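Working notes for the structure below.
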Amino acid sequence: MTHAPHPAIAAGAHPFPHLHLLGLSALKPWEMLFLLDEAEQWVEFNRRPKNLGEAKHDNRLAGLTQINAFFENSTRTLLSFEIAGKRLGADVVNLGVSGSSVKKGETLLDTALTLNAMHPDLIVIRHGSSGAVQLIAEKLDCPVLNAGDGRHEHPTQALLDALTIRRRKGRIEGLTVAICGDILHSRVARSNFQLLGSLGAKVRAVAPPTLLPTNIDALGVDCFTNMDDGLAGADVVMMLRLQTERMDGAYVPSTREYFRFYGLTEARLRHAAPDVLVMHPGPMNRGVEIDGRIADDITRSAVTEQVEMGVAVRMACLDVLTRTRRGAKDWPPLLPSRHQEGPLSLLPSRLREGPGVGEPAPSPDAIGQAR
Amino acid sequence: MTPLAITGARVIDPATGHDAVTNILLRDRIIAGLGNHRPPADADIIDGRGLVLAPGLIDTGVFRADPAACHAGGITRIVLMPDQRPPLDDPALVAFAQQMGKPDVWVHPLVAATRGLAGQELAEIGLGQAAGAVGVATGRSGIASSAVMHRLLAYSRAFDMVVVAHAEDTALTAGAVATEGDYATRLGLAAAPAFAESLAVARDIRLAEATGARLHLRQVTTAEALGLVRAAQARGVRVTAGVTPAHWLLGETAVAGFRSFARLSPPLRSDEDRRAVAAAIADGTISVIASGHDPRTQEDKRLPFADALPGMAGAETLLALALSLVRDGTLTLAAALKTMTAAPAALFGLPGGTLSLGSPADLMLFDPVAPWRIVGDKFVGAGNTPFDGLPVQGRVVMTVKGGDVVWRA
């Protein structure tokens with residue numbers, strides 16, 4: 001699938017003028033689309049070999065060192081980043097929390113300086129505290145990719161979700177996406193609000209009131225506490241994982257009560273659009289937030305496809321973030337001011353700076369969405 | 001000891017209402033003369049023309065006795081929180097704390113309300129008072145149990161001690177690092193609702209009313225809680241309220257970019273609450289302004305927002321930030337100085353806070369319009385200020401403690 005370049009990029013805007021990828025709130029809509037477009041080529045690449053002799057290997061990151069520094073446990077995201085780096089030819093090193101000196105009392109910034117002294121070319125960081133990745137990035141000389149920080153952002157997850165939706169539905173703009181479950185503690189939800197909202201989808205947050213953050217509607221999201229109402233007419237249903245420690249009376253009374261009122265079942269899914277797409281960032285709690293049969297229904301469920309898109313999206317991000325460093329051909333230089341990323345702006349990018357080069361003025365609806 | 005005369009300054013004493021250009025004479029560590037007579041021949045003379053002379057500031061509820069920072073900020077007496085290591089829950093510790101600042105800054109400790117500040121068993125507050133405590137404090141956090149708070153307030157009456165309370169509902173604020181609102185939601189920070197404060201304020205006011213105890217709410221930061229305090233004061237409850245500059249100058253927007261220096265307790269509030277604090281200062285509901293001085297090291301602050309410890313270094317910026325209230329018309333200069341001198345002195349029964357004859361020779365000279373920029377790295381003490389980079393007006397030129405010049409700009 002190929003997409004024409006966004007008018008802003010065609011008119012000369014830099015497709016990705018950022019040193020790091022810390023969150024989607026700092027990106028303009030065409031920068032998000034650029035990453036999605038870049039990811040498309042890697043989807044086909046990753047499906048090799050179609051013919052004998054086609055290897056899943058590209059050398060563009062050869063000689064570059066990629067460190068995956070995961071201060072919080074992860075299986076699939078770490079694996080996805082490792083595979084993405086290796087398929088592009090990078091030397092990938094993983095730093096897990098168990099093997100790190102963080103456990104020995106070293107401060108986060110000392111760890112960052114230590115990593116920096118090893119001259120990595122790219123660092124992928126996951127950390128349990130909101131804002132931690134930005135804090136570390138300020139101390140590093142190389143591009144930093146946020147693989148999830150606390151409840152704040154998880155940009156590559158949102159990008160892979162968007163890529164999955166766009167490949168299945170052919171578009172994002174105008175779709176109704178219901179994000180259901182533990183919104184309060186979810187970085188995936190926050191990144192998706194930014195991304196899907198910026199790209200013109202109507203986004204809903206569906207959760208029990210105890211799991212909805214306050215003022216969530218300020219992010220341009222419609223809130224529902226009734227699952228059936230929240231699913232009505234939805235083109236995409238994105239379920240979030242409910243962590244076990246939050247189920248037993250802390251935020252919801254019990255697993256069975258949660259499943260009864262907020263679990264995704266066949267009956268409940270009938271409220272959604274007939275061609276609804278069901279997504280889950282994993283790992284799934286079958287019988288808690290999603291009925292196993294729906295998860296396994298390949299016509300409606302995109303759960304395994306999301307994992308597949310994850311590798312492609314991460315390959316695209318690793319490639320784009322290292323282009324300046326590699327002196328990639330036809331890659332416009334980053335302006336010096338862009339090297340110092342300021343504090344992430346909190347406003348959706350479309351409203352922050354108005355329409356950019358070649359960007360059509362936002363429709364009143366889009367402004368309503370973003371607000 | 002050579003007498004010291006300061007001539008030609010505008011002398012403001014909020015306690016007596018004195019406000020005129022005159023000379024002041026300090027002798028034997030007390031204020032010996034005030035008026036236009038010529039200074040005695042044996043006195044050292046300091047020319048104070050163009051400057052304002054006021055009583056040395058009394059800073060209520062600081063967390064560390066930090067003489068250098070206090071002097072730079074014109075502070076000569078501090079009311080020390082019991083949150084020390086170990087907590088001031090024992091008369092011996094109170095007695096030690098009372099001595100530790102002398103002669104540079106006099107420390108007036110608050111005795112811990114409960115053993116180990118754990119909020120469970122009452123500490124020896126009567127013996128604490130005998131050892132020099134000027135009041136009793138719940139510490140950084142409130143007392144969760146209404147029963148313990150009730151007994152504390154009732155018991156404190158026997159000694160007529162003021163109870164300094166931190167008013168936030170401990171269960172609602174557990175784990176929270178921000179106020180619920182747009183910014184906390186966008187940044188993904190664990191947040192507590194703003195009404196966590198008014199719940200605690202309502203409870204504590206009711207208990208003070210029931211027991212007749214004296215209650216000082218160290219920081220009241222929300223419109224709703226200020227309304228409760230205002231109403232209680234109107235019906236005669238013995239409740240006073242304080243605040244620090246952060247809560248009328250900064251709002252939740254200051255935490256954008258995860259600036260951990262803006263991690264405070266209570267957390268920064270909405271803009272509406274911020275304006276309500278200024279209004280409550282204007283109408284006198286809030287009578288005490290304090291720095292909340294809580295110096296932190298880089299190790300405590302250069303952390304992800306939620307992991308950083310709360311608190312700000314405030315002693316050096318207290319005067320300049322409080323003077324912003326004068327420039328925006330909220331308070332007169334004398335009224336602004338009163339919140340940091342006569343008001344805390346009256347609340348805790350301290351000597352000082354006035355320039356009346358015979359009172360301690362604690363005073364400061366400041367230039368009310370001198371412009372400067374707050375730069376944490378240039379502070380005498382710790383630099384964890386959320387106001388880094390802010391241009392301000394009003395600078396302390398000289399601090400005199402007990403007749404000795406202890407600091408000059």
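Both backbone and side-chain heavy atoms feed into the values below; hydrogens, waters and symmetry mates do not. Owing to the predicted nature of the structure, the values given are computational and were not obtained by experimental measurement. Below, chains carry the letters A, B, ... as their sequence lines are ordered, and counting in each starts from 1.
Put simply, of B/Pro193, B/Ala191, B/Ala306, B/Ala190, the one with the most heavy-atom pairs under 4.5 Å next to chain A is B/Ala190. Between chain B and the residues A/Ser129, A/Ser186, A/Gly150, A/Gly128, the largest count of heavy-atom pairs under 4.5 Å involves A/Ser129. Ranked by heavy-atom pairs under 4.5 Å with chain B, the first of A/Arg187, A/Arg190, A/His127 is A/Arg190.
In this structure the side chain of B/Leu189 never reaches within 4.5 angstrom of the side chain of A/Arg151, judged on heavy atoms. A heavy-atom distance below 4.5 Å is not found between the side chains of A/Glu153 and B/Leu187. At a threshold of 4.5 Å between non-hydrogen side-chain atoms, the residues A/Leu108 and B/Pro304 count as touching. Between A/Ser130 and B/Phe258 there is a side-chain heavy-atom pair separated by less than 4.5 Å.
Separating the CZ atom in B/Arg259 from the CG atom in A/Leu135 is a distance of 13.5 Å, to the nearest 0.5 Å. Distance check: A/Thr107 OG1 to B/Asp307 CG gives 11.5 Å after rounding to the nearest 0.5 Å.
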Self-check item: Verdict with reasoning, B/Arg302 to A/Glu138, per side-chain contact (heavy atoms from CB on, under 4.5 Å)
Solution: CA-CA 11 Å; B/Arg302 291 291 292 165; A/Glu138 288 164 10; 3.8 Å; yes
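A/Asn215 and B/Thr185 share no donor-acceptor pair across their side chains, judged by distance under 3.5 Å alone.
Heavy atoms of other residues, nucleotides or ligands lying less than 6.0 angstrom from CD of B/Glu224 number 12 at most.
Side chain of B/Arg186 to main chain of A/Ser25: no donor-acceptor pair is present (N/O by atom type, distance under 3.5 Å, no hydrogens or angles).
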